[in-house]
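So you know, we letter chains A, B, ... as the sequences are listed, proteins then strands, and number each from 1.
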Amino acid sequence: MDRKRRSRRELYTKEICACSIFGAMNREGDRFTGEGVMKAIASMRVRGNGLGGGFAAYGIYPDHRDLYAFHLMFTGPTDPARRAAKQELEAFLARKFDVYFDEEIPTDDSVFVRDPPLLWRYFVLPRKEGEDAEMTEEEYIVREIMAVNSKIENAYVFSSGKNMGCFKGVAYPEEIGEYFMLDRLYRGHTWTVHGRFPTNTQAWWGGAHPFGLLDTTVVHNGEVSSYGTNRWYLEMYGYACTLQTDTEVIAYAADLLMRRQKLPIEIVAKILAPPIWAAIDRMDEKEKRLMTALRMTYGPLLMNGPFAVIIGETGRMIGLTDRIRLRPLTAATRGEIFYISSEEASIRLISPHLDRVWTPRGGEPVIAEMKGYEKGSEESYEKGSEKSYERIC
Amino acid sequence: MRSFVFPEFEIIRDEERCGSCRGCERQCALGTHAYDPVADRLVSDDRKCAGCQRCVIFCPQKAIVVRPSPSFYRPNASWSREKIEDLKRQAETGGVLLTGCGSDKPFRIYWDHILLNASQVTNPSIDPLREPMELRTFLGRKPEMLEISREGKEVEIKTELYPNLTVETPILFSAMSFGAISYNAFKSLATAACRSGTYFNTGEGGLPREMRGEFGRCAIVQVASGRFGIDAEYLNVAQAVEIKVGQGAKPGIGGHLPGEKVSAAVAETRMIPQGTDAISPAPHHDIYSIEDLSTLITALKEATNYEKPISVKIAAVHNFAAIASGIVRAGADIIAIDGLRGGTGAAPKAIRDNVGIPTELAISSLDRRLREEGIRNRSSIIAAGGFRSSSDVIKAIALGADAVYIGSAALIAMGCTLCQKCYTGNCNWGICTQNPRLSGRLNVEIASQRLSNLISAWSHEIREMLGGMGINALESLRGNRDHLRGVGLYEWELDVLGIKGAGE
Amino acid sequence: MAFYVDITRCIGCRSCEVACERVHGGRGHVQVHFVEDSASVPLFCHHCEEASCAAACFSGALFKEDTRTAFDVEKCTGCGLCSLACPFGVVWTDKIAHKCDLCDGRPEPTCVATCPADALSTDLDHLSRRARSRGARAAAQGGRR
Amino acid sequence: MIRVDPRLCIGCLSCSNVCPSQNILRTETAEERRIRWKRCREECDLCVELCPTEALTLVPIDESAPEPEVSFPLAGCRICGRRYAPEPMLRRVEAALPKSQTSEWVWDCPACRRRAEAERTTAETVAARRRRRV
C-alpha cells in the first residue's frame, strides 16, 4: 500500500513494549563514563528481551558544544540502499544546514549486534534563508528533522541536541553500550538508559529508545493507550510521528509544552498525568480553575495507560509515572549524584549506600537539576535539589 | 375514495383471555379498538392501527398481539410492498408522503462493523468499579496553548479561556422542540438532563417561561430559521446557543408544525397566535452565505456577552466537512452534525430516506478535516443521528466526536416505539402530541427517571469499555482510532473511517 | 325528540321494557312502574331541555345534541354521577351508564314500535290528535269529555 | 403506582371501573363504600386521566409507601332511609345542577325519585279510576 493511502487511513502500527529505565545525574556537573549505568541496566536484564536498548548522554561533546550533533541512522536491506539514503540525506543537509564536521560513529565491531545500520554523526548549524529567517533555530531544526524522518526513506535522525547524543540499537542495552564503547569513549554528566521488551519481534534500530528531539530525550516504560489521541493532537502542531513508538509522542509532547509553549515542568507533569476530577473538585477555587483549564485545553495530551518515563534535558532530569502509577519508578540520591530507576536494586548495585531513596507518587514528577541550571523562566527553582511536588499553586 | 392499501398491521385478540376491560379501547387514540356492548366484546379495526403497541403493553390479560399484516402483493424484487403502498397512498391523496422518526432504510450501519479494543498483558485493563473512570467532557473552543505566569509557587493563567459546556457524560439530549413533543416529554428531558449533569436542547420551540429558572442551567437553546420563541432572556438563561442550519432527517428543507399542535402553551412559548401553522423556512432568510452565518454567530455572542459557546448544527451532506471547517472559521465553538438516520417529528419520506450521509462517516471525515487544517481544538464536535447504544457512543468518540446527541434513544426510553406516526399528533405514548388527554399519560417523574437511568446505564457501560481498553479518561479515547477495527467493510469505507481492518 | 306517554292507554304489559332490553344487550332503559294496582306508567328518559345528567357528567359522555340528550359510550367511566343527577331516577349505572339513546340508528325507538296499546309515541301531535278525537267521540256520544 | 388525594376523592369508582388490571378494589356494604388502590406497577394512567376530581397522580413505584385507601359513609335517602350514595358525590351533583332547578331531590334515592315521578304523572288517572270504582 502506498504511503499516501496509509496516512489517509492512519494505518500506523504502534509497537508495544515493556522496559527497564535508569537515569543518573551528577548535579555538580562532573562528568563520568557510561560504565556505571551500563552495569545498573544490565542488572535489570529480565525487564528487557534483547530487542532494544539505548542511552542518552549529556555533556559528551564539549569540543563541539555550540553545534547541533545529529546522529543519523541509515537503515535499508542492503549496503547500497544505505549509501543511497546517506547521499540523499547529505544533499538535504547541504541545502538546509552548514555542516562543520561529520564522521561515522565509532563502534566496536567485536560486539555482536544484529543487523546494525550505517551510523553517522554530523555537527551542524542551521542555515535559515528567506522566510525561514524569522524562525527560531529550534523551530527550524524540528521542522527539518520531521522532514527527514518522514520524507527521506531509510534515513532517521535519532539525536539532534547540542553537546549530547543518543546511542541505541537492537540488543540488550549493555551490549549497545559496549558496541558504542560508552564506557571508554564518552564522559557525560547525565545519563539515561533504556532496556527494551517489545512484544513483537520486528524490532528495528530506529524504534529503540531513548527518543530525542533537540536536547530533550525520553526513556519510557509503558504503553500509552491514548496514543492515537496524543498523536492527532501533536500532528496538528506539525509533529510527524514516524517512529511508531509511545516514547516518540511523549518526547514531542514534552517538546511542544516545554520548549514551544514554555510551560514549567510541574505544569507539564499535570498535563501528562493530571489529577482525577474527584481530586480537582476538592481543591481550592484557584487551583481548581488552573487544573480545569489545563485538562480542558490539553485533554488530548493526557498520557493514558501505564507509563514511567525519564525525560532528560541539558542540566535536568525528570522522572514521571502515570497518574495511577501502574509502572515502577524509584528515585535516590547519593551526594551530588541523583538516580532514577525502575528498580531500587539497580541503584544499590552501583551505589550501595544512598542518602535517600523514595518512591514518587503517581503523576508527581521528580526533578533533578544541575547546579547553575537556568532555562527559560525557571530561575525560581531551588538550585541543585530534588523535589517531589505535592501541589504546585 | 376507497383505500387500496392493506392494513399495515393485524390485531389478534385472544378472546379467551380478553376480559372486556376495554383498556385497549381507552389506550388507543386512533380509535382502533371499540367495545360492542351487545356482544360484550371488543372489536378492532386493523386499518386504524399504527403499530405503536400501546394496547399490547397495557392489556392486563396480555390478550392482544399486533403484528405486521401478512397480506402480500405478488413478490417483486423491484416493487416492494412499501413502494407499492406509498404509490397507492399518493394516488389516493395527491400529496407528499409524510413520516416521522429516523430513516428505517437498510443503509449500512457502520457501528455494527466496528469493533473495540481491549487490553491484554502489556497494558493493564482498569476496573471501573474500583478505580476512577472519568467521562467529564468540555464542549467549546479550547485555546491553542495556555500562557502561565509564575511567582514562586503562585501560578496564574494569563490566557483568556473561552466559554465551555461541562458535561459529566458525553451524552446530550438532541433538539426536540416543545410543540413537536408534548410539554411533559419536554420537561422530562429537561429534568433528566439536570439530574444527570448533561444538557437538553430546546429545539426551535422556545423555552417555556416557567421552566427557565429551574432548567436554564442545563439547556442549550436553539435559534432556527423560524426564530420562534427567541428573546434576550431565552438566550441568556441557557448555557449555550445553537444555530440550526440543517437536520439529518430533512437536510435542505424547513419545518412545519401544523396549527392543530399549536396549543395555547405552545403559542405563548413560540410567540405566535394559537392554532396557526408554525413554519420554519428552509434557509435562514438572513443567512445566504458563510459570512452571513459569521454575522449571526457574532450577533449571538454579543447578545450573550461572550459568555456562552455558540453551536452550529448542520446536516451531514456530501461536502459538509469543508462547510463545517468554514463554520469553525466563522466562529462556531461547537459543530453539531446530524447524520442520515437522524430523527424528526415530521419530514417528507422522500427526503428522509434519500438525503444525507451516515453519521459514522461524517464524524470521521469532519474530525480529519479539522485536524488537517489544525483547527480541531477551535471547535468541539457533537454527533447526532442514530445512536442506539453505549457502544455506538464510544465508537463515535473514538472516531473523533466530543459528545453525542441522542434523540430517538431518549424518546424510546420514555416509551416511544418508533411507529413513525409523530406527524399525526396522536401519539398514544403522550410524547409527540399536544392533546392534553394523551400528553397527560407521560408522567414527568417516571419518564425523567427512565431517561436518567438510560444515561447512567450508558455511562456505566462506557466506563466498562474504557476500562477494558486501559483508559481512565474519556479524553484519551477521543479521535483514538487505534482502538477501532473494521469488519466486513470495503477498503474505501475503512479509508473514510480512518481505521484498520480487524487483524490488520 | 322525546317520548310521550298516554298513561290512560298503558296496560302495564312491560313489552317496552323487554324490547328495550333486547335492543340494548340486556340492559334496558325503561321501567314500568305500578302505582298501587290501579295504574302503570313506563318511566323514560325525558331528554330534559336543561339536562342535569349532562351537567353532572365530567367526561363529556352525556351531552345535549339538538333536543335529545345524547350518550357517548366511549367516554363513559361509569362514575354514577349522572344517575344521582337524574331527577327521575331513570339513568342507572353498572360499570357504565345506561341511558336511553332513542335507539340510535333505528327509524323509531323500539319501545314505541313495540307498544301493543299504542300508548307511546315520539310525536306529540299524534297523542294530541288522538286525545281530540277521543274528546270528539265522547261528545258525539253525549258523554262528558 | 397511584397517589390519592383523599380530600378530592368523591368515591365515584370511575377509577375502579376503568382500571384494566383490576388494581383498584371496591368494597361496598350497606353503610359505607371503601376503595383501595393496590400498589400497581402499571403506568397506564387511565384512572388518572378519567378521575373527575383529579384526585389521582401517577408516581414512581415505592414499595415502602402504604397502599392508599379511602372510605365514605353512604348518605341515606330522605324518604325510604336506604343508604344509596357517598355524600361527596351528592354534593358534587348538587353543585353541578343548573341554577334554575331545585335540588333537594338529590337527597332522595333514585328508586324513590322514580316512585315520586310515577305517582305524580298518574295521579289524575289513579284518582279517576278510584272515583269510577267508588
Side-chain angles (χ1 to χ4, degrees), chain B residues 13-14 17-29 33 35 37 42 52-64 182 184-185 187-188 191-192 195 413-417 427-431 433 435-453, chain D residues 1-28 33-70 89 92 96 110:
Chain B
R13 182 179 280 99
D14 185 337
R17 288 189 179 182
C18 176
S20 297
C21 71
R22 304 178 63 193
C24 49
E25 180 195 11
R26 294 190 209 281
Q27 291 292 354
C28 186
H33 305 284
Y35 178 64
L42 284 133
C52 79
Q53 308 288 352
R54 177 94 186 172
C55 54
V56 177
I57 302 287
F58 282 102
C59 175
Q61 305 298 332
K62 305 281 168 274
I64 306 176
S182 66
N184 283 7
K187 196 168 173 186
S188 304
T191 311
R195 202 182 291 154
M414 287 195 277
C416 171
T417 55
C427 176
N428 276 328
W429 292 88
I431 297 168
T433 175
N435 177 341
R437 189 185 137 224
L438 299 175
S439 60
R441 289 178 180 178
L442 194 77
N443 183 282
V444 174
E445 216 175 318
I446 295 174
S448 60
Q449 189 61 53
R450 284 174 188 271
L451 287 166
S452 34
N453 284 351
Chain D
M1 62 182 285
I2 300 296
R3 187 166 59 209
V4 183
D5 186 343
R7 288 167 305 175
L8 293 177
C9 180
I10 56 172
C12 72
L13 297 177
S14 263
C15 48
S16 172
N17 286 336
V18 300
C19 179
S21 327
Q22 267 118 56
N23 273 335
I24 304 170
L25 306 179
R26 52 219 276 182
T27 334
E28 197 153 343
R33 175 180 285 184
R34 188 174 283 277
I35 312 169
R36 185 158 67 87
W37 285 262
K38 288 209 284 191
R39 200 174 288 114
C40 101
R41 290 184 172 277
E42 304 291 324
E43 288 165 12
C44 78
D45 207 45
L46 284 180
C47 53
V48 177
E49 184 192 320
L50 296 170
C51 175
T53 58
E54 294 176 7
L56 308 182
T57 335
L58 181 62
V59 294
I61 180 100
D62 175 5
E63 293 293 350
S64 62
E67 292 188 338
E69 184 164 358
V70 292
M89 275 183 84
R92 183 179 159 104

Query raised in the report: Contact part of L50(D) toward chain B, heavy-atom cut-off under 4.5 Å: side chain, backbone, both or neither?
Result: side chain

Report task. Could you tell me which portion of V48(D) (side chain, backbone, both or neither) has an atom closer than 4.5 angstrom to a non-hydrogen atom of chain B? Result -> neither

Query raised in the report: Would you find more than 12 non-hydrogen atoms of other residues, nucleotides or ligands less than 6.0 Å from R3(D) atom CZ?
Result: no

Query raised in the report: Judged by atom type as modelled, is there a donor-acceptor pair below 3.5 Å linking the side chain of N428(B) to the main-chain atoms of R54(B)?
Result: no

Requested in this report: Under 4.5 Å, counting heavy-atom pairs only, tell me which of R437(B), Q449(B), Q61(B) racks up the most with chain D.
Outcome: R437(B)

**Report entry** Backbone of M1(D) reached by a side-chain donor or acceptor of W37(D) within 3.5 Å
**Finding:** no

Query raised in the report: With no hydrogens and no angle check, do the side chains of N443(B) and R450(B) hold a donor and an acceptor under 3.5 Å apart?
Result: no

Query raised in the report: Between E43(D) and chain B, which part of the residue has a heavy atom less than 4.5 Å away: side chain, backbone, both or neither?
Result: both

**Report entry** Side-chain donor or acceptor of S21(D) paired with backbone N/O of P60(B) under 3.5 Å
**Finding:** no

Query raised in the report: What part of R22(B) is in contact with chain D, defined as an atom under 4.5 angstrom from a non-hydrogen atom: side chain, backbone, both or neither?
Result: neither

